[in-house]
Enquirer: 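Before I ask anything, let me first share the structure, which is written out below as structure tokens.
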Amino acid sequence: MKILIIDDEPPVRESIRLLIPWDRYGVQEVMEACSGMEAIEIMQREKPQIVFTDIRMPGMDGIEVLKWIHEHDERMKVVIISGYNDFHYVRSALKFGSFDYILKPIDEEELTEVFEKALACWNREEQTRTKTQEIHMRANQYKPVLADNLFSRLIQDPDQYSAVSRTLQEEYNIGRETRQCRAAVITLDVLDFGLRRKFAFALDLLIFSIANICNELMQKDNTGLAFQNWNDKNEIVLLFFKRLPDVPQFVAQIQEALYTALRGRFYIGIGRTSPFPQGLPRAYSDARTALKQRNLLERFQYEHYYNDQQFVPHQVPLSDYADRLLFAIRRNDADSVRALLMEWARKAGELPSITVRQLELWWQEFVLLQSKWAKEIDTMPDPTDPSVGSDLPMLIEADLSFALPLNEWEELSLEVWVDKMAEMLSETGRLFERRQQANTIHEIKQYIRAHYCEELNLQKLAEQFYLSPSHISRTFKQQFGENLTDFVSRLRIDRAKVLLADSELKISSIASSVGYQDEKYFSKAFKRFEGMSPKQFRKLHLK
């Protein structure tokens with residue numbers, strides 16, 4: 001704490017300095033001034049908390065000093081000390097905020113008592129100021145968050161205006177006389193490569209910085225405010241309420257300020273003037289549409305204005321390749337799938353203009369085709385093997401959300417989509433083949449059940465089902481855990497066991513009826529499965 005004593009008489013200053021035990025009160029420094037002008041210089045530099053001042057001094061008197069303190073720093077507590085018991089001086093001192101008034105000659109007890117009161121008053125006020133400052137700091141910390149929430153809701157539902165109109169008036173100076181508005185949107189979907197690298201792990205900091213820079217400029221001219229859109233975290237929305245025809249100039253100034261501070265430029269969409277508050281959704285939608293209408297091939301055009309021309313999609317639809325893609329998928333031909341997608345990307349890349357809206361349509365086409373083909377697999381006859389269909393939900397629920405196809409330099413690159421599409425469609429092809437093969441193996445199994453008495457071998461089955469013998473043999477074992485030849489033999493032996501129960505049938509006839517032309521080979525096969533010959537089995541059964 002610092003104390004200032006102002007008096008043109010050195011003995012008076014010395015008396016005040018000696019009469020109060022300053023250390024007891026935590027006073028760090030006691031300063032002196034012999035005139036009002038000198039006192040003001042000290043007060044401007046040192047900011048003392050308590051001031052003792054004489055009334056009559058040459059040049060600037062004590063009342064003028066008190067007036068200066070009243071105009072520049074009301075926190076100081078001023079005690080007037082004078083040898084003149086004049087009501088005029090007392091009234092002037094009170095008018096300009098004097099804390100107390102002491103007459104000369106100075107009484108030690110009175111001086112100490114007044115100082116303690118002044119000190120206690122200053123401490124109470126300082127505590128109040130500290131608490132108020134903390135409250136204001138917290139309010140300022142939460143104010144941007146509250147603004148983000150409030151205006152994000154308003155641009156979606158302007159009917160909430162009546163509930164927040166008082167807040168808009170008090171906090172943002174947006175009164176009921178405001179009749180029009182205009183919106184602009186800054187998108188972070190496409191960023192300058194340097195900015196993306198710099199803020200790769202601090203995108204929230206970038207958004208905060210952009211909003212602060214925009215608000216500093218907009219509130220300086222009292223034209224509007226900026227906030228982060230809670231409905232799309234990659235957007236900063238600028239709402240203008242005044243000087244709406246000058247919005248293009250304001251946007252240009254904001255663009256330059258952002259470049260100066262962050263060393264990067266941003267894509268900004270600017271909408272039309274709309275009525276406030278009911279036109280807020282349209283103003284915001286216009287600005288977003290302006291961004292979606294921009295030609296992504298023109299990388300260095302940053303400001304885009306809404307126009308009401310109807311969107312006409314370009315004539316390179318992905319659906320034109322649907323039949324050929326499906327044929328390649330059914331053959332599980334990943335190379336052909338990729339080649340077709342590259343052909344589409346090459347033709348699309350030759351277009352004079354590619355907009356965000358066009359990309360959204362292409363992606364919607366892909367999502368519909370991919371979902372359709374994935375569900376087609378799911379409707380194929382289920383071979384009841386859990387492993388066959390286990391990946392289908394993952395395939396159908398894969399991440400199909402829209403994202404701009406940008407390369408590492410933040411440039412439009414349809415090849416980014418080709419890679420993603422090819423991988424997803426190739427996985428569809430692999431699952432299609434697995435399901436198809438599983439069903440084919442089950443068909444082979446059913447065929448064997450119906451024809452096991454006939455002459456069967458792998459070559460005949462391969463010709464019947466258009467598969468290689470080795471593939472049938474390998475897949476059958478994987479699917480059912482049993483060799484195909486053992487499965488055929490077991491079917492024949494099981495049937496022979498039933499026939500052996502009839503004692504009148506010759507064993508040679510039974511062998512022939514179940515597919516064995518050689519009785520000895522039949523007996524050998526029977527014994528391998530049952531551990532006894534057909535004759536022994538018949539005797540045991542008859543007993």
Side-chain angles (χ1 to χ4, degrees), residues 313-314 316-351 354 358-409 411-444 462 465-468 470-479:
H314 295 300
V316 189
L318 187 60
S319 55
D320 284 354
Y321 295 79
D323 292 340
R324 286 182 286 169
L325 282 171
L326 181 58
F327 182 71
I329 289 171
R330 285 177 171 169
R331 291 186 292 115
N332 191 22
D333 188 347
D335 291 338
S336 294
V337 167
R338 184 174 184 81
L340 287 167
L341 291 173
M342 286 299 295
E343 180 184 336
W344 165 79
R346 180 181 56 76
K347 289 185 178 180
E350 293 173 353
L351 294 170
I354 297 179
Q358 176 64 67
L359 290 171
E360 288 177 337
L361 286 180
W362 278 332
W363 189 253
Q364 288 171 8
E365 281 188 295
F366 173 73
V367 169
L368 290 173
L369 291 173
Q370 163 68 359
S371 300
K372 175 185 175 182
W373 295 333
K375 290 177 181 177
E376 181 179 325
I377 296 175
D378 204 27
T379 59
M380 293 174 65
D382 191 346
T384 70
D385 177 22
S387 67
V388 174
S390 61
D391 292 331
L392 282 173
M394 184 184 302
L395 177 63
I396 295 173
E397 298 173 9
D399 182 13
L400 295 173
S401 57
F402 173 78
L404 291 175
L406 305 174
N407 61 22
E408 60 178 334
W409 301 101
E411 300 169 334
L412 177 66
S413 173
L414 293 178
E415 288 190 14
V416 173
W417 267 5
V418 168
D419 292 339
K420 184 174 182 178
M421 292 175 175
E423 177 57 33
M424 295 181 71
L425 295 182
S426 295
E427 180 62 21
T428 303
R430 288 191 289 271
L431 292 177
F432 189 94
E433 183 180 57
R434 286 177 55 190
R435 177 62 68 90
Q436 193 173 43
Q437 288 179 355
N439 279 284
T440 301
I441 292 300
H442 276 264
E443 290 176 11
I444 291 173
F465 290 94
Y466 303 101
L467 296 172
S468 70
S470 61
H471 178 79
I472 293 175
S473 177
R474 181 179 62 255
T475 308
F476 194 95
K477 178 65 179 295
Q478 290 174 346
Q479 192 75 22

Enquirer: Between E427 and K420 (salt bridge meaning N to carboxylate O under 4.0 Å), is one present in this structure?
Expert: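 Result for this pair is no, no salt bridge flagged.
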Enquirer: Just wondering, do R324 and E343 contact through their side chains at under 4.5 Å, heavy atoms?
Expert: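 Yes, their side chains come closer than 4.5 Å.
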Enquirer: To the nearest 0.5 Å, tell me how far L340 CG sits from Y321 OH.
Expert: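 So the gap between those two atoms works out to 8.0 Å.
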Enquirer: Output all residues satisfying side-chain contact (heavy atoms from CB on, under 4.5 Å) with L406, sequence neighbours left out; order by chain, then residue number.
Expert: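 Checked L406 against side-chain contact (heavy atoms from CB on, under 4.5 Å); matches are V190, L404, E410.
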Enquirer: To the nearest 0.5 Å, how far apart are CG in L400 and OG in S371?
Expert: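 L400 CG to S371 OG: 5.5 Å, rounded to 0.5 Å.
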Enquirer: Could you check if a side-chain atom of M421 sits within less than 4.5 angstrom of a side-chain atom of L318, using non-hydrogen atoms only?
Expert: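 Side chain of M421 against side chain of L318, heavy atoms only: contact under 4.5 Å found.
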Enquirer: Hey, is the main chain of H471 close enough, under 3.5 Å, to the side chain of S468 for a donor-acceptor pair?
Expert: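 Such a contact is found between S468 side chain and H471 backbone.
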Enquirer: Would you call D333 and F327 a side-chain contact if the rule is heavy atoms closer than 4.5 Å?
Expert: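 Side-chain contact under 4.5 Å: no.
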Enquirer: Say whether, by atom type as modelled, one donor and one acceptor occur between the side chain of W344 and the main chain of V316 under 3.5 angstrom.
Expert: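 At least one qualifying donor-acceptor pair exists.
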Enquirer: Kindly give the heavy-atom pair with the smallest separation between A348 and I354, and that separation in Å.
Expert: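 Closest approach of A348 to I354: O-CD1, 3.6 Å.
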Enquirer: Where do R430 and E423 come nearest, in terms of heavy atoms and distance?
Expert: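 Nearest heavy atoms, R430 then E423: NH2-OE2, 3.3 Å.
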Enquirer: Output the distance between atom CD (Q370) and atom CG (L325), rounded to the nearest 0.5 Å.
Expert: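 With rounding to 0.5 Å, CD (Q370) is 10.5 Å from CG (L325).
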Enquirer: I need the Q479 CD to T475 OG1 distance, nearest 0.5 Å.
Expert: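 Reported to 0.5 Å precision, the distance equals 8.0 Å.
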Enquirer: Please list, chain by chain and in numerical order, all residues satisfying ring-ring contact (aromatic ring centres under 6.0 Å, His included) with F366, sequence neighbours excluded.
Expert: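 By the ring-ring contact (aromatic ring centres under 6.0 Å, His included) rule, F366 matches W363.
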Enquirer: Mind running side chain to side chain contact (heavy atoms under 4.5 Å, CB included) on F402 and L359 for me, showing each step along the way?
Expert: CA-CA 9 Å; F402 173 78; L359 290 171; 3.9 Å; yes
Enquirer: What heavy-atom pair brings W362 and P317 nearest, and what distance separates the two atoms?
Expert: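 Heavy atoms of W362 and P317 come nearest at NE1-CA, 4.2 Å.
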Enquirer: Is there side-chain contact between L341 and V337, with heavy atoms separated by less than 4.5 Å?
Expert: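 Answer yes - side chains close enough.
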Enquirer: Hey, could you give me the CZ/CG distance between R338 and D419, rounded to the nearest 0.5 Å?
Expert: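 Atom-to-atom, R338:CZ and D419:CG are 4.5 Å apart.
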Enquirer: Do R346 and L414 touch side chain to side chain, with heavy atoms closer than 4.5 Å?
Expert: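 They are not in side-chain contact.
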Enquirer: Mind checking side-chain contact (heavy atoms from CB on, under 4.5 Å) for E415 and listing every partner two or more places apart, or none if nothing turns up?
Expert: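 Result, side-chain contact (heavy atoms from CB on, under 4.5 Å) vs E415: M342, S413.
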Enquirer: For the CZ atom of F432 and the CG atom of N332, what is their distance to the nearest 0.5 Å?
Expert: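 Between F432 CZ and N332 CG, I get 10.0 Å after rounding to 0.5 Å.
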